[in-house]
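As C-alpha coordinates, the structure follows; a few thoughts come after it.
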Amino acid sequence: MTKYIFITGGVVSSLGKGIIGASLGKLLRARGYSVAIQKFDPYINVDPGTMSPFQHGEVFVTDDGAETDLDLGHYERFIDTNFSQISNVTSGSVYQTVIQKERKGDYLGATVQVIPHITNEIKSRIIKAQKHFKPDFQIIEIGGTIGDIESLPFIESIRQFKTEIGIGNAINIHCTLLPYLPTSGELKTKPSQHSVHVLRSYGLQPEILVCRTSKPIPKTEKDKLALFCSVSKDAVIECRDMKSIYEVPLALEEQKFANVVLKLLQSEERPANLDAWRNLVDKINHPKRTIKIAIAGKYTKLSDAYISVVESIKHAGYAHDVKTEIKWINSEECTDEKQCSELLKDVQGVVVPGGFGVRGIEGKLNVIKYVREHNVPFLGICLGMQCAVIEYARHMAGLKGANSTEFDENCAYPVIDLMAEQKNIKGYGGSMRLGAYDCHIKKGTKAHDAYGASKISERHRHRYEVNTDYIDQLKKAGLVFSGMSPDGMLSEIVELPQNDWFVACQFHPEFKSRPERPHPLFKGLIEAAVNKCV
Ligand code: GLN
(Lines give C-alpha, C1' and ligand atoms only; values in the text may rest on other atoms or scores of the structure.)
Protein backbone atom coordinates (compact mmCIF):
# COMPACT_ATOMS: atom_id res chain seq x y z
CA MET A 1 0.00 0.00 0.00
CA THR A 2 1.33 3.42 -0.97
CA LYS A 3 2.24 5.80 1.85
CA TYR A 4 1.97 9.54 1.27
CA ILE A 5 4.39 12.29 2.28
CA PHE A 6 3.20 15.86 1.88
CA ILE A 7 5.78 18.63 1.94
CA THR A 8 4.80 22.20 2.76
CA GLY A 9 6.91 25.28 3.31
CA GLY A 10 6.71 28.15 5.74
CA VAL A 11 8.35 31.48 6.62
CA VAL A 12 9.84 32.28 3.19
CA SER A 13 9.75 30.95 -0.34
CA SER A 14 12.79 29.43 -2.09
CA LEU A 15 13.55 27.22 0.91
CA GLY A 16 14.66 24.35 -1.26
CA LYS A 17 11.63 22.15 -0.53
CA GLY A 18 12.31 20.47 -3.87
CA ILE A 19 15.83 19.48 -2.81
CA ILE A 20 14.56 18.29 0.59
CA GLY A 21 11.83 16.20 -1.06
CA ALA A 22 14.25 14.87 -3.67
CA SER A 23 16.75 13.99 -0.93
CA LEU A 24 14.10 12.09 1.01
CA GLY A 25 13.22 10.30 -2.22
CA LYS A 26 16.88 9.37 -2.64
CA LEU A 27 17.10 8.05 0.94
CA LEU A 28 14.00 5.89 0.46
CA ARG A 29 15.25 4.61 -2.92
CA ALA A 30 18.57 3.77 -1.26
CA ARG A 31 16.54 1.46 1.00
CA GLY A 32 15.04 -0.32 -1.99
CA TYR A 33 11.68 1.42 -1.87
CA SER A 34 10.01 2.76 -5.00
CA VAL A 35 9.20 6.46 -4.92
CA ALA A 36 6.96 8.69 -7.02
CA ILE A 37 6.66 12.41 -6.68
CA GLN A 38 4.20 15.14 -7.46
CA LYS A 39 4.68 18.88 -7.47
CA PHE A 40 1.55 20.95 -6.85
CA ASP A 41 1.89 24.51 -8.07
CA PRO A 42 -0.81 26.91 -6.94
CA TYR A 43 -0.54 29.37 -9.86
CA ILE A 44 -3.26 29.70 -12.50
CA ASN A 45 -1.11 28.90 -15.54
CA VAL A 46 -2.10 25.47 -16.84
CA ASP A 47 1.59 24.58 -16.91
CA PRO A 48 4.85 26.56 -16.70
CA GLY A 49 5.40 26.20 -20.46
CA THR A 50 4.13 29.70 -21.10
CA MET A 51 6.03 31.34 -18.22
CA SER A 52 9.17 33.42 -18.67
CA PRO A 53 12.33 31.68 -17.46
CA PHE A 54 13.17 35.05 -15.85
CA GLN A 55 10.22 34.59 -13.50
CA HIS A 56 9.96 30.89 -13.07
CA GLY A 57 13.31 29.44 -14.10
CA GLU A 58 13.67 26.53 -16.46
CA VAL A 59 10.77 24.58 -17.91
CA PHE A 60 11.60 20.91 -17.31
CA VAL A 61 10.32 18.51 -19.97
CA THR A 62 9.35 14.92 -19.18
CA ASP A 63 9.58 11.90 -21.50
CA ASP A 64 5.84 12.08 -22.13
CA GLY A 65 6.14 15.70 -23.21
CA ALA A 66 4.85 17.62 -20.19
CA GLU A 67 6.29 21.10 -19.60
CA THR A 68 6.82 21.10 -15.86
CA ASP A 69 8.31 22.86 -12.87
CA LEU A 70 12.09 22.76 -12.53
CA ASP A 71 11.77 20.88 -9.23
CA LEU A 72 10.85 17.81 -11.28
CA GLY A 73 14.38 17.98 -12.64
CA HIS A 74 15.79 17.74 -9.10
CA TYR A 75 13.48 14.82 -8.37
CA GLU A 76 14.51 12.95 -11.51
CA ARG A 77 18.20 13.59 -10.84
CA PHE A 78 18.08 12.51 -7.18
CA ILE A 79 15.63 9.64 -7.44
CA ASP A 80 16.84 8.52 -10.88
CA THR A 81 13.30 7.84 -12.08
CA ASN A 82 11.49 9.38 -15.05
CA PHE A 83 8.32 11.17 -14.03
CA SER A 84 5.36 12.24 -16.12
CA GLN A 85 2.57 14.69 -16.86
CA ILE A 86 0.69 13.66 -13.73
CA SER A 87 3.75 14.54 -11.66
CA ASN A 88 3.05 18.28 -11.98
CA VAL A 89 -0.36 19.66 -11.02
CA THR A 90 -1.22 23.37 -11.19
CA SER A 91 -4.33 25.24 -10.02
CA GLY A 92 -4.78 26.19 -13.67
CA SER A 93 -4.95 22.56 -14.80
CA VAL A 94 -7.28 21.62 -11.91
CA TYR A 95 -9.67 24.48 -12.64
CA GLN A 96 -9.50 23.75 -16.37
CA THR A 97 -10.67 20.16 -15.79
CA VAL A 98 -13.43 21.19 -13.37
CA ILE A 99 -14.70 23.93 -15.69
CA GLN A 100 -14.65 21.57 -18.69
CA LYS A 101 -16.66 19.03 -16.68
CA GLU A 102 -19.11 21.73 -15.65
CA ARG A 103 -19.61 22.76 -19.29
CA LYS A 104 -20.26 19.14 -20.22
CA GLY A 105 -22.94 18.93 -17.56
CA ASP A 106 -21.09 16.34 -15.52
CA TYR A 107 -22.10 17.98 -12.24
CA LEU A 108 -25.81 17.52 -12.96
CA GLY A 109 -26.86 21.02 -12.04
CA ALA A 110 -24.89 21.24 -8.79
CA THR A 111 -23.30 24.50 -7.69
CA VAL A 112 -19.62 23.95 -8.51
CA GLN A 113 -17.46 24.99 -5.57
CA VAL A 114 -13.87 24.91 -4.28
CA ILE A 115 -14.99 22.37 -1.71
CA PRO A 116 -15.79 19.68 -2.80
CA HIS A 117 -15.27 20.00 -6.57
CA ILE A 118 -11.81 21.54 -6.74
CA THR A 119 -10.55 19.59 -3.73
CA ASN A 120 -11.96 16.35 -5.17
CA GLU A 121 -10.16 17.01 -8.44
CA ILE A 122 -6.90 17.62 -6.52
CA LYS A 123 -7.34 14.39 -4.55
CA SER A 124 -8.10 12.51 -7.76
CA ARG A 125 -4.77 13.71 -9.19
CA ILE A 126 -3.00 12.17 -6.18
CA ILE A 127 -4.77 8.88 -6.83
CA LYS A 128 -4.09 9.07 -10.58
CA ALA A 129 -0.34 9.32 -9.94
CA GLN A 130 -0.59 6.49 -7.39
CA LYS A 131 -2.35 4.25 -9.94
CA HIS A 132 0.23 5.08 -12.59
CA PHE A 133 3.40 4.59 -10.54
CA LYS A 134 2.12 2.28 -7.77
CA PRO A 135 4.97 3.47 -5.58
CA ASP A 136 5.79 2.46 -2.02
CA PHE A 137 6.02 6.17 -1.20
CA GLN A 138 4.46 9.14 -2.95
CA ILE A 139 6.02 12.49 -2.13
CA ILE A 140 3.81 15.49 -2.83
CA GLU A 141 5.35 18.93 -2.61
CA ILE A 142 3.08 21.97 -2.41
CA GLY A 143 4.65 25.03 -4.01
CA GLY A 144 4.53 28.43 -2.30
CA THR A 145 4.49 29.36 1.38
CA ILE A 146 1.91 28.48 3.97
CA GLY A 147 -0.53 31.38 4.34
CA ASP A 148 -0.65 32.10 0.59
CA ILE A 149 -4.25 32.52 -0.49
CA GLU A 150 -3.78 30.56 -3.69
CA SER A 151 -2.46 27.38 -2.08
CA LEU A 152 -5.47 26.99 0.25
CA PRO A 153 -7.39 24.46 -1.91
CA PHE A 154 -4.29 22.24 -1.98
CA ILE A 155 -3.81 22.47 1.79
CA GLU A 156 -7.49 21.68 2.35
CA SER A 157 -7.19 18.69 0.00
CA ILE A 158 -4.26 17.34 2.01
CA ARG A 159 -6.22 17.78 5.23
CA GLN A 160 -9.11 15.77 3.79
CA PHE A 161 -6.83 13.16 2.22
CA LYS A 162 -4.88 12.64 5.44
CA THR A 163 -8.06 12.23 7.44
CA GLU A 164 -9.54 9.81 4.93
CA ILE A 165 -6.48 7.60 4.61
CA GLY A 166 -5.85 7.42 8.35
CA ILE A 167 -2.95 7.66 10.77
CA GLY A 168 0.27 5.94 9.72
CA ASN A 169 -0.47 6.26 6.01
CA ALA A 170 0.25 9.93 5.34
CA ILE A 171 2.46 12.54 6.98
CA ASN A 172 3.21 16.19 6.53
CA ILE A 173 6.76 17.48 6.54
CA HIS A 174 6.89 21.22 7.07
CA CYS A 175 10.01 23.04 5.90
CA THR A 176 10.90 26.33 7.54
CA LEU A 177 13.73 28.79 7.96
CA LEU A 178 15.53 29.63 11.20
CA PRO A 179 16.92 33.13 10.67
CA TYR A 180 20.22 33.92 12.38
CA LEU A 181 20.49 37.24 14.22
CA PRO A 182 24.17 38.22 14.31
CA THR A 183 23.60 40.92 16.95
CA SER A 184 22.39 38.40 19.51
CA GLY A 185 24.22 35.45 17.96
CA GLU A 186 21.03 33.39 17.92
CA LEU A 187 18.97 31.29 15.57
CA LYS A 188 15.36 32.32 15.94
CA THR A 189 12.54 29.78 16.08
CA LYS A 190 9.54 32.13 16.33
CA PRO A 191 8.84 32.44 12.55
CA SER A 192 8.78 28.63 12.35
CA GLN A 193 6.40 28.42 15.31
CA HIS A 194 4.12 30.97 13.66
CA SER A 195 4.07 29.14 10.36
CA VAL A 196 3.12 25.92 12.15
CA HIS A 197 0.33 27.85 13.89
CA VAL A 198 -0.97 28.93 10.49
CA LEU A 199 -0.75 25.36 9.20
CA ARG A 200 -2.70 24.13 12.22
CA SER A 201 -5.34 26.79 11.69
CA TYR A 202 -6.02 24.99 8.39
CA GLY A 203 -6.36 21.72 10.25
CA LEU A 204 -2.93 20.30 9.40
CA GLN A 205 -0.47 19.20 12.07
CA PRO A 206 3.04 18.55 10.74
CA GLU A 207 4.74 15.35 11.89
CA ILE A 208 8.24 16.49 10.93
CA LEU A 209 9.95 19.88 10.75
CA VAL A 210 12.89 20.39 8.43
CA CYS A 211 14.63 23.65 9.32
CA ARG A 212 16.85 25.46 6.86
CA THR A 213 19.66 27.17 8.72
CA SER A 214 23.09 28.64 8.13
CA LYS A 215 24.36 27.47 11.57
CA PRO A 216 24.02 24.27 13.59
CA ILE A 217 20.80 24.28 15.61
CA PRO A 218 21.53 24.02 19.37
CA LYS A 219 19.70 21.19 21.15
CA THR A 220 17.81 23.73 23.28
CA GLU A 221 16.32 25.30 20.15
CA LYS A 222 15.44 21.93 18.64
CA ASP A 223 13.66 20.97 21.85
CA LYS A 224 11.85 24.27 21.86
CA LEU A 225 10.65 23.74 18.30
CA ALA A 226 9.51 20.21 19.18
CA LEU A 227 7.58 21.47 22.19
CA PHE A 228 5.87 24.43 20.53
CA CYS A 229 5.16 22.71 17.24
CA SER A 230 4.03 19.38 18.79
CA VAL A 231 6.47 17.15 16.95
CA SER A 232 8.74 14.59 18.54
CA LYS A 233 12.31 15.68 19.30
CA ASP A 234 13.87 13.39 16.70
CA ALA A 235 11.51 14.85 14.11
CA VAL A 236 13.16 18.28 14.16
CA ILE A 237 15.64 17.95 11.33
CA GLU A 238 18.38 20.43 10.58
CA CYS A 239 19.07 21.27 6.95
CA ARG A 240 22.23 23.37 6.77
CA ASP A 241 23.44 25.26 3.71
CA MET A 242 25.73 22.90 1.79
CA LYS A 243 28.43 23.48 -0.79
CA SER A 244 26.68 21.06 -3.13
CA ILE A 245 23.01 20.08 -3.23
CA TYR A 246 24.13 16.46 -3.62
CA GLU A 247 25.44 16.53 -0.03
CA VAL A 248 21.95 17.17 1.35
CA PRO A 249 20.78 13.52 1.35
CA LEU A 250 23.86 12.49 3.33
CA ALA A 251 23.43 15.29 5.87
CA LEU A 252 19.81 14.25 6.34
CA GLU A 253 20.77 10.58 6.58
CA GLU A 254 23.09 11.39 9.49
CA GLN A 255 20.08 12.70 11.39
CA LYS A 256 18.08 9.54 10.56
CA PHE A 257 15.54 11.57 8.60
CA ALA A 258 14.32 8.58 6.56
CA ASN A 259 14.10 6.40 9.70
CA VAL A 260 11.83 8.97 11.34
CA VAL A 261 9.66 9.03 8.20
CA LEU A 262 9.50 5.22 8.06
CA LYS A 263 8.54 4.98 11.73
CA LEU A 264 5.75 7.54 11.35
CA LEU A 265 4.49 5.74 8.28
CA GLN A 266 4.62 2.39 10.04
CA SER A 267 6.98 1.02 7.41
CA GLU A 268 9.84 -1.40 7.71
CA GLU A 269 13.27 0.04 8.49
CA ARG A 270 15.85 -1.14 6.01
CA PRO A 271 19.57 -0.50 5.66
CA ALA A 272 20.44 2.23 3.17
CA ASN A 273 22.86 1.60 0.34
CA LEU A 274 24.38 5.00 -0.24
CA ASP A 275 27.88 3.87 -1.28
CA ALA A 276 27.69 5.19 -4.85
CA TRP A 277 26.24 8.48 -3.66
CA ARG A 278 28.98 8.83 -1.03
CA ASN A 279 31.57 8.24 -3.76
CA LEU A 280 29.92 10.91 -5.83
CA VAL A 281 30.04 13.43 -3.00
CA ASP A 282 33.65 12.49 -2.35
CA LYS A 283 34.45 13.21 -6.01
CA ILE A 284 32.57 16.53 -5.78
CA ASN A 285 34.62 17.54 -2.75
CA HIS A 286 38.00 16.45 -4.12
CA PRO A 287 38.32 17.66 -7.70
CA LYS A 288 41.74 17.35 -9.34
CA ARG A 289 41.37 20.69 -11.05
CA THR A 290 38.89 23.39 -11.98
CA ILE A 291 37.79 24.19 -15.49
CA LYS A 292 35.64 27.03 -16.71
CA ILE A 293 32.71 26.53 -19.05
CA ALA A 294 30.85 29.46 -20.57
CA ILE A 295 27.10 29.48 -21.03
CA ALA A 296 26.27 32.07 -23.66
CA GLY A 297 22.58 32.83 -23.41
CA LYS A 298 19.90 35.38 -22.79
CA TYR A 299 18.72 34.65 -19.25
CA THR A 300 22.12 34.89 -17.62
CA LYS A 301 20.84 36.92 -14.64
CA LEU A 302 18.95 33.93 -13.27
CA SER A 303 20.94 30.70 -13.17
CA ASP A 304 17.68 28.76 -12.51
CA ALA A 305 16.73 29.50 -16.12
CA TYR A 306 19.32 26.94 -17.22
CA ILE A 307 19.42 24.79 -14.09
CA SER A 308 19.47 21.41 -15.84
CA VAL A 309 22.24 22.60 -18.18
CA VAL A 310 24.30 23.75 -15.19
CA GLU A 311 23.71 20.47 -13.34
CA SER A 312 24.59 18.44 -16.46
CA ILE A 313 27.88 20.32 -16.82
CA LYS A 314 28.61 19.57 -13.15
CA HIS A 315 27.73 15.87 -13.55
CA ALA A 316 30.10 15.53 -16.51
CA GLY A 317 32.77 17.33 -14.45
CA TYR A 318 32.38 14.83 -11.58
CA ALA A 319 32.99 11.97 -14.05
CA HIS A 320 36.27 13.60 -15.06
CA ASP A 321 37.27 14.57 -11.51
CA VAL A 322 37.05 18.27 -12.27
CA LYS A 323 35.16 21.11 -10.73
CA THR A 324 33.30 23.09 -13.36
CA GLU A 325 32.93 26.81 -12.89
CA ILE A 326 30.28 28.49 -14.98
CA LYS A 327 31.04 31.78 -16.69
CA TRP A 328 27.78 33.45 -17.64
CA ILE A 329 28.03 35.34 -20.88
CA ASN A 330 25.23 37.58 -22.03
CA SER A 331 25.24 36.87 -25.76
CA GLU A 332 24.14 40.45 -26.46
CA GLU A 333 27.61 41.54 -25.39
CA CYS A 334 29.32 39.31 -27.98
CA THR A 335 29.21 41.94 -30.66
CA ASP A 336 32.32 41.00 -32.67
CA GLU A 337 35.31 38.65 -32.77
CA LYS A 338 37.42 40.85 -30.49
CA GLN A 339 34.69 40.91 -27.88
CA CYS A 340 34.27 37.10 -28.13
CA SER A 341 37.98 36.53 -27.77
CA GLU A 342 38.04 38.77 -24.69
CA LEU A 343 35.02 37.09 -23.10
CA LEU A 344 36.09 33.53 -23.96
CA LYS A 345 39.82 33.80 -23.25
CA ASP A 346 39.66 32.08 -19.88
CA VAL A 347 37.14 29.32 -20.69
CA GLN A 348 37.83 25.77 -21.83
CA GLY A 349 34.41 25.07 -23.30
CA VAL A 350 31.20 26.80 -24.38
CA VAL A 351 27.54 25.86 -24.25
CA VAL A 352 24.93 27.75 -26.24
CA PRO A 353 21.66 26.59 -24.66
CA GLY A 354 18.05 26.64 -25.84
CA GLY A 355 15.91 29.73 -26.08
CA PHE A 356 13.28 31.64 -27.95
CA GLY A 357 13.14 34.93 -29.82
CA VAL A 358 15.60 37.04 -31.74
CA ARG A 359 17.27 38.92 -28.87
CA GLY A 360 20.94 38.00 -28.50
CA ILE A 361 20.96 35.79 -31.62
CA GLU A 362 23.68 37.64 -33.55
CA GLY A 363 25.89 37.45 -30.44
CA LYS A 364 25.35 33.68 -30.25
CA LEU A 365 26.32 33.41 -33.90
CA ASN A 366 29.52 35.38 -33.16
CA VAL A 367 30.32 33.06 -30.24
CA ILE A 368 29.77 29.96 -32.39
CA LYS A 369 31.93 31.34 -35.24
CA TYR A 370 34.66 32.03 -32.70
CA VAL A 371 34.60 28.57 -31.09
CA ARG A 372 34.42 26.85 -34.48
CA GLU A 373 37.41 28.76 -35.81
CA HIS A 374 39.45 28.51 -32.62
CA ASN A 375 38.59 24.90 -31.85
CA VAL A 376 37.08 25.70 -28.44
CA PRO A 377 34.98 22.69 -27.27
CA PHE A 378 31.34 23.52 -27.96
CA LEU A 379 27.92 22.06 -27.27
CA GLY A 380 24.88 23.66 -28.89
CA ILE A 381 21.45 22.79 -27.52
CA CYS A 382 18.19 23.28 -29.44
CA LEU A 383 18.37 26.99 -30.32
CA GLY A 384 22.14 26.53 -29.91
CA MET A 385 22.10 23.91 -32.68
CA GLN A 386 19.90 26.07 -34.87
CA CYS A 387 22.40 28.92 -34.45
CA ALA A 388 25.30 26.57 -35.26
CA VAL A 389 23.56 25.64 -38.52
CA ILE A 390 22.84 29.29 -39.39
CA GLU A 391 26.45 30.24 -38.68
CA TYR A 392 27.80 27.38 -40.79
CA ALA A 393 25.43 28.21 -43.62
CA ARG A 394 26.45 31.88 -43.63
CA HIS A 395 30.19 31.47 -43.34
CA MET A 396 31.02 28.03 -44.74
CA ALA A 397 28.25 27.13 -47.20
CA GLY A 398 28.13 30.49 -48.95
CA LEU A 399 24.56 31.17 -47.86
CA LYS A 400 24.97 34.79 -46.84
CA GLY A 401 21.81 36.03 -45.17
CA ALA A 402 20.90 32.54 -43.90
CA ASN A 403 18.63 32.67 -40.86
CA SER A 404 15.75 31.07 -39.02
CA THR A 405 12.26 32.18 -39.98
CA GLU A 406 11.74 32.58 -36.22
CA PHE A 407 13.96 35.68 -36.44
CA ASP A 408 13.45 36.84 -40.02
CA GLU A 409 10.54 35.46 -42.00
CA ASN A 410 11.83 36.90 -45.25
CA CYS A 411 15.49 35.94 -44.95
CA ALA A 412 17.45 34.97 -48.07
CA TYR A 413 18.05 31.38 -46.96
CA PRO A 414 15.65 30.00 -44.33
CA VAL A 415 17.96 27.20 -43.18
CA ILE A 416 15.87 26.88 -40.02
CA ASP A 417 12.13 26.85 -40.59
CA LEU A 418 8.89 26.07 -38.81
CA MET A 419 8.16 22.33 -38.75
CA ALA A 420 5.35 21.32 -41.11
CA GLU A 421 3.10 20.15 -38.25
CA GLN A 422 3.64 23.48 -36.46
CA LYS A 423 2.45 25.67 -39.31
CA ASN A 424 -1.26 25.66 -38.45
CA ILE A 425 -0.92 25.79 -34.68
CA LYS A 426 -2.17 29.07 -33.30
CA GLY A 427 -2.20 28.96 -29.49
CA TYR A 428 0.64 28.64 -27.02
CA GLY A 429 1.09 26.03 -24.31
CA GLY A 430 1.77 22.36 -24.93
CA SER A 431 1.87 23.00 -28.69
CA MET A 432 5.56 22.46 -29.51
CA ARG A 433 7.26 19.20 -30.49
CA LEU A 434 7.52 17.96 -26.94
CA GLY A 435 8.98 14.99 -25.12
CA ALA A 436 10.95 11.91 -26.06
CA TYR A 437 11.57 10.95 -29.67
CA ASP A 438 13.97 8.40 -31.11
CA CYS A 439 17.04 9.43 -33.03
CA HIS A 440 19.33 7.30 -35.20
CA ILE A 441 23.04 7.99 -35.00
CA LYS A 442 25.50 7.53 -37.83
CA LYS A 443 28.41 5.20 -37.12
CA GLY A 444 31.88 6.68 -37.07
CA THR A 445 30.73 10.05 -35.72
CA LYS A 446 31.60 11.75 -32.46
CA ALA A 447 28.00 11.39 -31.35
CA HIS A 448 28.13 7.64 -32.00
CA ASP A 449 31.36 7.31 -30.04
CA ALA A 450 29.91 9.31 -27.17
CA TYR A 451 26.65 7.36 -26.90
CA GLY A 452 28.13 4.02 -27.89
CA ALA A 453 24.77 3.36 -29.56
CA SER A 454 23.01 3.79 -32.89
CA LYS A 455 19.55 4.39 -31.51
CA ILE A 456 18.81 6.84 -28.73
CA SER A 457 15.83 8.65 -27.30
CA GLU A 458 15.96 12.27 -26.17
CA ARG A 459 13.54 14.94 -25.00
CA HIS A 460 12.50 17.84 -27.23
CA ARG A 461 10.88 21.24 -26.94
CA HIS A 462 10.90 23.19 -30.18
CA ARG A 463 8.84 24.51 -33.11
CA TYR A 464 11.57 25.03 -35.68
CA GLU A 465 13.94 22.56 -37.37
CA VAL A 466 16.72 22.41 -39.94
CA ASN A 467 15.16 23.00 -43.34
CA THR A 468 15.74 19.79 -45.34
CA ASP A 469 16.14 21.84 -48.56
CA TYR A 470 19.57 22.97 -47.34
CA ILE A 471 20.93 19.76 -45.86
CA ASP A 472 22.85 18.72 -49.01
CA GLN A 473 24.51 22.12 -49.31
CA LEU A 474 25.48 22.10 -45.66
CA LYS A 475 26.79 18.55 -45.91
CA LYS A 476 28.87 19.45 -48.97
CA ALA A 477 30.35 22.33 -47.01
CA GLY A 478 31.48 19.87 -44.30
CA LEU A 479 28.77 19.85 -41.64
CA VAL A 480 28.11 16.28 -40.54
CA PHE A 481 24.52 15.32 -39.78
CA SER A 482 25.25 12.61 -37.25
CA GLY A 483 21.78 12.16 -35.79
CA MET A 484 18.45 12.04 -37.63
CA SER A 485 14.87 11.13 -36.72
CA PRO A 486 14.09 7.50 -37.69
CA ASP A 487 12.27 8.65 -40.86
CA GLY A 488 15.34 10.69 -41.83
CA MET A 489 13.33 13.92 -41.97
CA LEU A 490 14.41 15.79 -38.84
CA SER A 491 18.01 16.72 -38.08
CA GLU A 492 18.78 15.85 -34.50
CA ILE A 493 22.58 16.15 -34.17
CA VAL A 494 25.20 17.99 -36.22
CA GLU A 495 28.95 18.01 -35.67
CA LEU A 496 32.31 18.97 -37.13
CA PRO A 497 34.81 16.10 -37.29
CA GLN A 498 37.90 18.31 -37.47
CA ASN A 499 37.18 20.12 -34.19
CA ASP A 500 37.92 18.50 -30.83
CA TRP A 501 34.26 18.80 -29.81
CA PHE A 502 31.82 20.76 -31.90
CA VAL A 503 28.51 18.98 -31.44
CA ALA A 504 25.03 20.44 -31.43
CA CYS A 505 21.66 18.79 -30.92
CA GLN A 506 18.05 19.72 -31.53
CA PHE A 507 16.93 17.95 -28.36
CA HIS A 508 17.67 18.82 -24.73
CA PRO A 509 20.27 16.38 -23.38
CA GLU A 510 20.26 18.22 -20.04
CA PHE A 511 16.93 16.66 -19.06
CA LYS A 512 18.42 13.18 -18.97
CA SER A 513 21.75 13.73 -17.21
CA ARG A 514 22.08 12.18 -13.75
CA PRO A 515 24.78 12.92 -11.17
CA GLU A 516 25.92 9.30 -11.24
CA ARG A 517 25.28 8.93 -15.00
CA PRO A 518 26.32 12.08 -16.83
CA HIS A 519 24.96 12.62 -20.31
CA PRO A 520 27.30 11.46 -23.13
CA LEU A 521 27.21 14.78 -24.99
CA PHE A 522 28.11 16.77 -21.85
CA LYS A 523 30.76 14.18 -21.05
CA GLY A 524 32.23 14.66 -24.49
CA LEU A 525 32.30 18.42 -24.03
CA ILE A 526 34.01 18.23 -20.65
CA GLU A 527 36.51 15.61 -21.81
CA ALA A 528 37.55 17.88 -24.71
CA ALA A 529 37.70 20.85 -22.32
CA VAL A 530 39.86 18.92 -19.82
CA ASN A 531 42.19 17.88 -22.64
CA LYS A 532 42.66 21.57 -23.43
CA CYS A 533 44.26 22.02 -20.01
CA VAL A 534 46.98 19.38 -20.38
N1 GLN B 1 13.10 28.72 -30.56
C2 GLN B 1 13.52 27.48 -31.14
C3 GLN B 1 12.35 26.63 -31.59
O4 GLN B 1 11.24 26.83 -31.16
C5 GLN B 1 14.39 26.72 -30.16
C6 GLN B 1 13.64 26.22 -28.97
C7 GLN B 1 14.53 25.80 -27.82
O8 GLN B 1 15.72 26.12 -27.80
N9 GLN B 1 13.98 25.14 -26.81
O10 GLN B 1 12.53 25.74 -32.36
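Basis for what follows: all heavy atoms, side chains included, without hydrogens, waters or symmetry-related copies. Each ligand, and each atom within it, is numbered from 1 in the order the structure gives. All figures in this text were calculated on a predicted structure; none of them were measured in a lab.
In terms of the side-chain hydrogen bond (donor to acceptor under 3.5 Å, both in side chains) criterion, Asn330 has no residue partners (sequence neighbours excluded). Under the side-chain hydrogen bond (donor to acceptor under 3.5 Å, both in side chains) criterion, Lys39 pairs with Asp41, Asp69, Asp71, not counting sequence neighbours.
Sorted by first and then second residue, the salt bridge (charged side-chain N to carboxylate O under 4.0 Å, His left out) pairs involving residues 307-316 (not counting sequence neighbours) are Glu311-Lys314.
Partner Phe83 forms a ring pair (Phe, Tyr, Trp, His ring centres under 6.0 Å) with one of Phe78, Phe60, Tyr75, Phe133 and no other, that one being Phe133.
A salt bridge does not link Arg459 to Glu492: none of the charged nitrogens lies less than 4.0 Å from a carboxylate oxygen.
When only modelled atom types and interatomic distance are considered, Arg359 and Ser331 share no side-chain donor-acceptor pair under 3.5 Å.
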Anything under 3.5 Å between an N or O on ligand 1 and a protein N or O? List each pair with its distance, or write none.
unit_1   : atom_1 : unit_2 : atom_2 : d
ligand 1 : 1 (N)  : Gly355 : O      : 3.0
ligand 1 : 1 (N)  : Glu406 : OE1    : 2.8
ligand 1 : 1 (N)  : Glu406 : OE2    : 3.1
ligand 1 : 4 (O)  : Arg463 : N      : 3.0
ligand 1 : 8 (O)  : Gly355 : N      : 2.9
ligand 1 : 8 (O)  : Gly355 : O      : 3.4
ligand 1 : 8 (O)  : Leu383 : N      : 3.0
ligand 1 : 9 (N)  : Arg461 : O      : 2.9
ligand 1 : 9 (N)  : His508 : NE2    : 3.2
ligand 1 : 10 (O) : Gln386 : NE2    : 3.1
ligand 1 : 10 (O) : Arg463 : N      : 3.1
ligand 1 : 10 (O) : Tyr464 : N      : 2.8

